[in-house]
*Asks:* 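First the structure, then my questions, so here it is.
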Amino acid sequence: MSEERSLNFIEEIVEADISAGKHDGRVLTRFPPEPNGYLHIGHAKSICLNFGLAKKYNGKTNLRFDDTNPVKEDVEYVDSIKADVKWLGFDWAQELYASDYFDQLYDFAVTLIKADLAYVDDSTAEEIAAQKGTPTEPGTPNQFRSRSVEENLELFADMKAGKYPDGAKVLRAKVDLASPNMHLRDPLMYRIKHAHHHRTGDAWCIYPMYDFAHGQSDAIEKITHSICTLEFIPHRALYDWFIEQLSLFPSHQYEMARLNMTYTVMSKRKLLKLVEEGHVEDWDDPRMPTISGMRRRGYPAASIREFCERIGVAKRENMIDLSLLEFCVREDLNKNTWRRMAVLDPIKLVITNYPEGQSEVLVGENNPEVEGGDGEREIPFNNELWIEREDFMEEPPKKFFRLGVGLSVRLKNAYIVKCESFVKDADGNVTEVHCTYIPQSKSGSDTSGINVKGTIHWVSVAQAKTAEVRLYDRLFRVEDPSSEDGDFKEYLNPDSLQIINAYVEPDLANAEMGKAVQFIRKGYFNLDKHSTADKLVFNRTVTLKDGWKVGAPQPPKGGA
RNA sequence: UGCCUGAUAGUAUAAUGGUAGUACGACGGUUUUUGGUACCGUUUGUCUAGGUUCGAAUCCUGGUCGGGCAACCA
């Protein structure tokens, strides 16, 4: 069963390290989200990589919240992140927070000050930016850079003690103002923020910057392989510098390309905007590329893991086709979901030779993909049924294997019917299709000898339940909204959500959230969180692959 | 015009000096009580110019193109 997949470049590094005996062959990774938003499919790639690496090489993974900026962070996000990682199927070794290390980080800063490798700068943000120079011109030192160790020690202590307002002073590393790497031009280590922190409360009014927190946190935890995305490549020099100056455990940073996917955006900032401005219901709106949105939509966790496996890990920028994700979702759902019938755009079918008032109970397989079967359910049948409007055509073209006057189809799990006539209303809309059925053609005991090309789904008018069905389409009209001119929101797909009322077979009253079902010929559907006993609400997870399109004959290709 | 990165079918991803392969997509076919699934087939690729070598996607040099870097964000 195990399909051979070649190693990605991170796995090659890990295997090389293990065989070289580095860290005694130990593998400890970490997933380090900032709790300032919900996790999306891009994070899933990172989660699957970090936890997957640990699983594959007998290691462990820590969940560490990078909570160094209290003004943007919130416990709501911490809770959602934990829930999402668990739902994806991963267990972390330890639940940790960068804020757990605030005391140690402060001590590290003092150590650097004492080594004359850090100083307190009173400049404004604008002044500091100006003094940093440009990529082609070196930065220039200011008078604060030469403060004495004693003065720096005292000033930094005063910063911590709350003697200064926000922005009055910062602590900077003294590295190299002329470095071609902008991140080495005396980067900020601490800034003053009189803000309440979700974990440390009001204990601190100075908070470390990412660069002074992340690498040290990795080192404290003795992380062996610290994986992040490409944009952190220039930070690696700083990462290494702090670890070296402080003589800490030599964690190493490795960078990979982030996931981009067509027809969506993958930035927490942009996703937050969609939520705040009400373009979507919430972070878990089924159109969102968030883990919670995909869960609500009905994507199985296993299919997301499979997707992350298939997209690979490399260093080049990439744009993954949404169709690959949908393939993974369908592949999983096809194997694992029960089949049911639902009519989304109903038109009445009357069986003229089936006695009115008579009814019978038919059976249908739950899942034909399961070897040996997966049980059956009962389906009521009588002379009036709802069928899909698109399954009838007044003037059917060739190769239309559905209904039209004179055409026959199999009613799924029931009889073969032949269309005799139809009824229109004053506006010319077809309202009823009249058929005759063949009594000997009953599913499972067909002795009619008749073969029909098409099979359509249906539900009994008398027994059908109504349900609200939410049909989703891609969130954006263009493949890469972020690269288009103007605001990305201009490219939202106005038809990304369509709400309709459908008729569904009675058994669907037993549908459960998180246990998607296939509506035969229509797609996969998952009960929504807003569904109630009185009002069923389904989300369309994904359509079935549709190979046939009316009026779109395929021109012959090739030859010659 | 500085530094850092990267470039293989439409999209991803392998080939680690020795036959350019796989998946998704698209297209066609077989099977089918889902125009689904499954199975089979077709299609399309090494950014460019030199060099090293018996042999280069791979090594070297120059160019081209893409991405990133000058937040008190991560």
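To find a chain, count down the sequence lines: A is the first, B the second, and so on, and within it residues start at 1.
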*Asks:* K72(A) has a side chain; which of C4(B), A14(B), C73(B) sits nearest to it?
*Replies:*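 Within the option list, the nearest is C73(B).
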*Asks:* Using a strict threshold of under 4.0 Å (side-chain N to carboxylate O), is an ion pair present between E11(A) and K56(A)?
*Replies:* yes
*Asks:* Counting the atoms with a prime plus P, OP1 and OP2 as sugar-phosphate, which does L324(A) contact under 4.0 Å by heavy atoms, base, sugar-phosphate, or nothing?
*Replies:*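 The answer is sugar-phosphate, as L324(A) gets under 4.0 Å only of primed atoms, P, OP1 or OP2.
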*Asks:* By the 4.0 Å heavy-atom rule, please label R269(A) as base, sugar-phosphate, or nothing.
*Replies:* nothing
*Asks:* When all nucleic acid strands are considered with a 4.0 Å heavy-atom cut-off, which category describes S323(A): base, sugar-phosphate, or nothing?
*Replies:*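 Sugar-phosphate contact only - S323(A) comes under 4.0 Å of backbone atoms but never of a base.
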*Asks:* Which is true for D546(A) with a 4.0 Å heavy-atom rule: it touches a base, it touches only sugar-phosphate, or it touches nothing?
*Replies:*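 Sugar-phosphate contact only.
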*Asks:* For the side chain of R191(A), counting heavy atoms from C-beta on, which of A12(B), C3(B), A74(B) is nearest?
*Replies:* A74(B)
*Asks:* Is the F381(A) ring parallel, tilted or perpendicular to the Y415(A) ring (thresholds 30°, 60°)?
*Replies:*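 Ring orientation of F381(A) relative to Y415(A): tilted.
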*Asks:* Requiring both pairing distances under 3.5 angstrom, list the stems that contain RNA chain B and are made of three or more consecutive Watson-Crick or G-U pairs.
*Replies:* B:2-7 with B:64-69, B:10-13 with B:21-24, B:26-30 with B:38-42, B:47-51 with B:59-63
*Asks:* Pick base, sugar-phosphate or nothing for S123(A), based on heavy-atom distances below 4.0 Å to the nucleic acid.
*Replies:*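 It contacts base atoms.
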*Asks:* Taking the side chain of F401(A) as its heavy atoms from C-beta onward, which of C73(B), G35(B), C24(B) lies nearest to it?
*Replies:*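 When the side chain of F401(A) is considered, G35(B) is the closest of C73(B), G35(B), C24(B).
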*Asks:* Using a strict threshold of under 4.0 Å (side-chain N to carboxylate O), is an ion pair present between R258(A) and E231(A)?
*Replies:*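 Looking at R258(A) together with E231(A), the answer is yes, because their closest N to O distance falls below 4.0 Å.
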*Asks:* Roughly how many Å apart are U42(B) and C47(B), using the C1' atom of each and rounding to a whole number?
*Replies:* 27 Å
*Asks:* Just the rounded figure in Å: distance from C1' of U31(B) to NZ of K453(A).
*Replies:*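 Distance check: K453(A) NZ to U31(B) C1' gives 10 Å.
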*Asks:* Tell me: CZ of F9(A) to C1' of U5(B), nearest whole Å?
*Replies:* 12 Å
*Asks:* Which part of the nucleic acid, if any, lies within reach of P32(A) when heavy atoms closer than 4.0 Å are counted: base, sugar-phosphate only, or nothing?
*Replies:*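 It contacts nothing in the nucleic acid.
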*Asks:* With no hydrogens and no angle check, do the side chains of D446(A) and S441(A) hold a donor and an acceptor under 3.5 Å apart?
*Replies:* no
*Asks:* How far, in whole Å, is G66(B) from U11(B) if one measures between their P atoms?
*Replies:*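 So the two P atoms sit 15 Å from each other.
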*Asks:* Hey, does the side-chain of R410(A) have a donor or acceptor N/O within less than 3.5 Å of a partner on the base of U33(B)?
*Replies:*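 Yes.
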*Asks:* Taking for each residue the nucleotide of RNA chain B with the nearest heavy atom, is it I456(A) or G133(A) whose nucleotide lies nearer the 5' end?
*Replies:*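 By nearest-heavy-atom nucleotide position, the 5'-most residue is I456(A).
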*Asks:* Looking at R172(A) and D121(A), is any side-chain nitrogen of the basic one under 4.0 Å from a carboxylate oxygen of the acidic one?
*Replies:* yes
*Asks:* What is the nucleic acid contact for I233(A), judged by heavy atoms within less than 4.0 Å: base, sugar-phosphate only, or nothing?
*Replies:* sugar-phosphate
*Asks:* So that I know where these two stand, are Y524(A) and F519(A) an aromatic pair - ring centroids less than 6.0 Å apart?
*Replies:* no
*Asks:* To the side chain of R316(A), which of C72(B), A23(B), U8(B) is closest?
*Replies:* U8(B)
*Asks:* Using whole Å, what does the distance between atom P of nucleotide A74(B) and atom CG of L105(A) come to?
*Replies:* 12 Å
*Asks:* When all nucleic acid strands are considered with a 4.0 Å heavy-atom cut-off, which category describes D66(A): base, sugar-phosphate, or nothing?
*Replies:*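 Contact class for D66(A): sugar-phosphate only.
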*Asks:* Regarding D122(A) and K169(A), does a basic nitrogen lie under 4.0 Å from an acidic carboxylate oxygen?
*Replies:*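 A salt bridge is present here (some side-chain N lies under 4.0 Å from a carboxylate O).
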*Asks:* Given the P atoms of A57(B) and G50(B), what is the spacing between them in whole Å?
*Replies:* 15 Å
*Asks:* Does Q518(A) reach a base, just sugar-phosphate, or nothing at all? Heavy atoms under 4.0 Å.
*Replies:*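 Here Q518(A) touches the bases of the nucleic acid.
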*Asks:* For the residue pair R340(A) / H457(A), report whether a side-chain donor-acceptor contact shorter than 3.5 Å exists.
*Replies:* no
*Asks:* Using atom CD of E369(A) as one end and atom P of U34(B) as the other, report the distance to the nearest whole Å.
*Replies:* 10 Å
*Asks:* When you measure from the side-chain N and O atoms of K193(A) to the phosphate of C73(B), is any distance below 4.0 Å, counting only OP1 and OP2?
*Replies:* yes
*Asks:* Base, sugar-phosphate, or nothing for F232(A), non-hydrogen atoms under 4.0 angstrom?
*Replies:*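 The residue F232(A) makes base contact.
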*Asks:* With sugar-phosphate meaning primed atoms plus P, OP1 and OP2, does N69(A) contact a base, only sugar-phosphate, or nothing at under 4.0 Å between heavy atoms?
*Replies:* sugar-phosphate
*Asks:* In whole Å, measure the gap between the C1' atoms of U30(B) and G36(B) for me.
*Replies:* 16 Å
*Asks:* Heavy atoms under 4.0 Å, any strand shown: does G139(A) hit a base, just sugar-phosphate, or nothing?
*Replies:* nothing
*Asks:* Using the C1' atoms only, state how far U37(B) lies from U31(B), rounded to an integer number of Å.
*Replies:*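 Taking atom C1' in both U31(B) and U37(B), they lie 11 Å apart.
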*Asks:* Which is more 5' along RNA chain B, the nucleotide nearest N367(A) or the one nearest R236(A)? Just name the residue.
*Replies:*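 Between the two, 5'-proximity favours R236(A).
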*Asks:* Check the phosphate of A74(B) against T68(A), side-chain N and O only, distance under 4.0 Å to OP1 or OP2. Yes or no?
*Replies:*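 Answer yes for this pair, as a side-chain N or O of T68(A) is under 4.0 Å from OP1 or OP2.
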*Asks:* Nearest whole Å is fine: how far is U33(B) C1' from L544(A) CG?
*Replies:*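 Value for this atom pair: 15 Å.
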*Asks:* In whole angstrom, give me the gap between the P atoms of G29(B) and G67(B).
*Replies:*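 The same atom, P, in both gives a distance of 41 Å.
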*Asks:* Between K132(A) and D186(A), is there a salt bridge with N-O shorter than 4.0 Å?
*Replies:*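 So D186(A) does not pair with K132(A) through a salt bridge.
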*Asks:* Expressed as a whole number of angstroms, how long is the span from R185(A):CZ to G2(B):P?
*Replies:* 14 Å
*Asks:* Kindly point out which of A14(B), C69(B), A26(B) is positioned nearest to the side chain of K545(A)?
*Replies:* A26(B)
*Asks:* If I take atom NE2 in residue H183(A) and atom P in nucleotide A71(B), what distance separates them, rounded to the nearest angstrom?
*Replies:*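 The distance from NE2 of H183(A) to P of A71(B) comes to 9 Å, rounded to the nearest Å.
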*Asks:* Tell me: CZ of F327(A) to P of A12(B), nearest whole Å?
*Replies:* 18 Å
*Asks:* Working note: K193(A) + N69(A), criterion side chain to side chain contact (heavy atoms under 4.5 Å, CB included); need CA distance, chi angles, decisive distance, verdict.
*Replies:* CA-CA 9 Å; K193(A) 277 181 195 283; N69(A) 188 358; 3.5 Å; yes
